[in-house]
Amino acid sequence: MATERTLSIIKPDAVAKNAIGEIIARFEKAGLQVVAAKMLHLDEGKAGGFYAEHKERPFFGDLVGFMTSGPVVVQVLEGEGAIAKNRELMGATNPKEAAAGTIRADFAQSIDANAVHGSDSAASAEREIAYFFGADEICPR
Ligand code: RTP
Ligand code: MG
């Protein structure tokens, strides 16, 4: 499998729970490397632009409200099959449906406050990484 990069966000609920370290440890233990990271408090424009694909969905307002409710940690993860591996570690969107031992099963409380984001395809990863990071902010090891 090829080495890939994916965008990960530790969402406001997980930051508020002081779970940043535990979540990053799961990525590292699974063989993913953090090659870029920053903490940000998103405004409506930045959060809405990030989730633009969901603009017409009924949950869009709640999603943007939640993502702007507190700081987030945005990271680029690199590794073999990083996009699918991260989605596997995250678990299902709705924590009630997330497999035991996944990040969402262990840290999320609802479909809105669901602890983490991860790019869902190579095209999304490319767009999302560029949305938050310049090339000079990514540090391959
Ligand atoms: P994410 O983009 O945050 O990684 O989540 P995801 O791929 O698992 O789910 P996605 O379909 O992209 O939805 C983005 C976020 O919108 C909220 N959502 N609410 N009420 C609902 O039916 C509903 N569906 C999605 C979730 O917070 C989800 O993470
Ligand atoms: Mg998504």
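Atoms within each ligand, like the ligands themselves, are counted from 1 in listed order.
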**Item:** Ligand-residue contact atoms, ligand 1 with Asp112, heavy atoms, under 4.0 Å
**Value:** 27 (O)
**Request:** Pull out every atom of ligand 1 sitting under 4.0 Å from any heavy atom of Thr93, numbered as shown with elements.
**Result:** 6 (P), 8 (O), 9 (O), 26 (C), 28 (C), 29 (O)
**Request:** Rounded to the nearest 0.5 Å, what's the gap from CG on Leu89 to CD1 on Ile23? Could you check?
**Result:** 11.0 Å
**Asked** Is Lys85 reaching over with its side chain to a backbone N or O of Gly79, donor-acceptor style, under 3.5 angstrom?
**Response** no
**Asked** Just by distance, do the side chain of Thr68 and the backbone of Val64 share a donor-acceptor pair under 3.5 Å?
**Response** yes
Short N or O distance, [X] and ligand 1, threshold 3.5 Å exclusive:
X      : value
Arg104 : yes
Asn114 : yes
Ile111 : yes
Gly118 : yes

**Message:** The criterion is salt bridge (charged side-chain N to carboxylate O under 4.0 Å, His left out); which residues satisfy it with Arg5, sequence neighbours excluded?
**Reply:** Glu78
**Fill in**
Residue, atom and distance of the protein heavy atom nearest atom 13 (O) of ligand 1 read His54 NE2, 3.4 Å
**Fill in**
shortest atom 15 (C) of ligand 1-to-protein heavy-atom contact is with Leu63 CD1, 3.7 Å
**Request:** May I ask you to decide if the ring planes of Phe132 and Phe50 are parallel, tilted or perpendicular, using 30° and 60° as cut-offs?
**Result:** tilted
**Message:** Less than 6.0 angstrom from the centroid, inside 45 degrees of the normal: does Lys11 satisfy that with respect to the ring of Phe66?
**Reply:** no
**Message:** Contact between Val74 and Leu7 at the side-chain level, heavy atoms closer than 4.5 Å - yes or no?
**Reply:** yes
**Fill in**
Correct closest heavy-atom pair for Tyr131 and Lys46 would be OH-O, 2.7 Å
Heavy-atom distances under 4.0 Å are what count here, so tell me which part of [X] touches ligand 1: side chain, backbone, both or neither.
X     : result
Glu53 : neither
Tyr51 : side chain
Lys11 : side chain

**Message:** I'd like the name of whichever of His117, Arg87, Glu128 reaches closest to atom 7 (O) of ligand 1 through any heavy atom.
**Reply:** Arg87
**Prompt:** If hydrogens are left out, which of Phe59, Phe60, Phe66 has an atom nearest to atom 16 (O) of ligand 1, that is, the closest non-hydrogen atom?
**Reply:** Phe59
**Asked** How about Gln109 and Lys96: does a side-chain donor come under 3.5 Å of a side-chain acceptor?
**Response** no
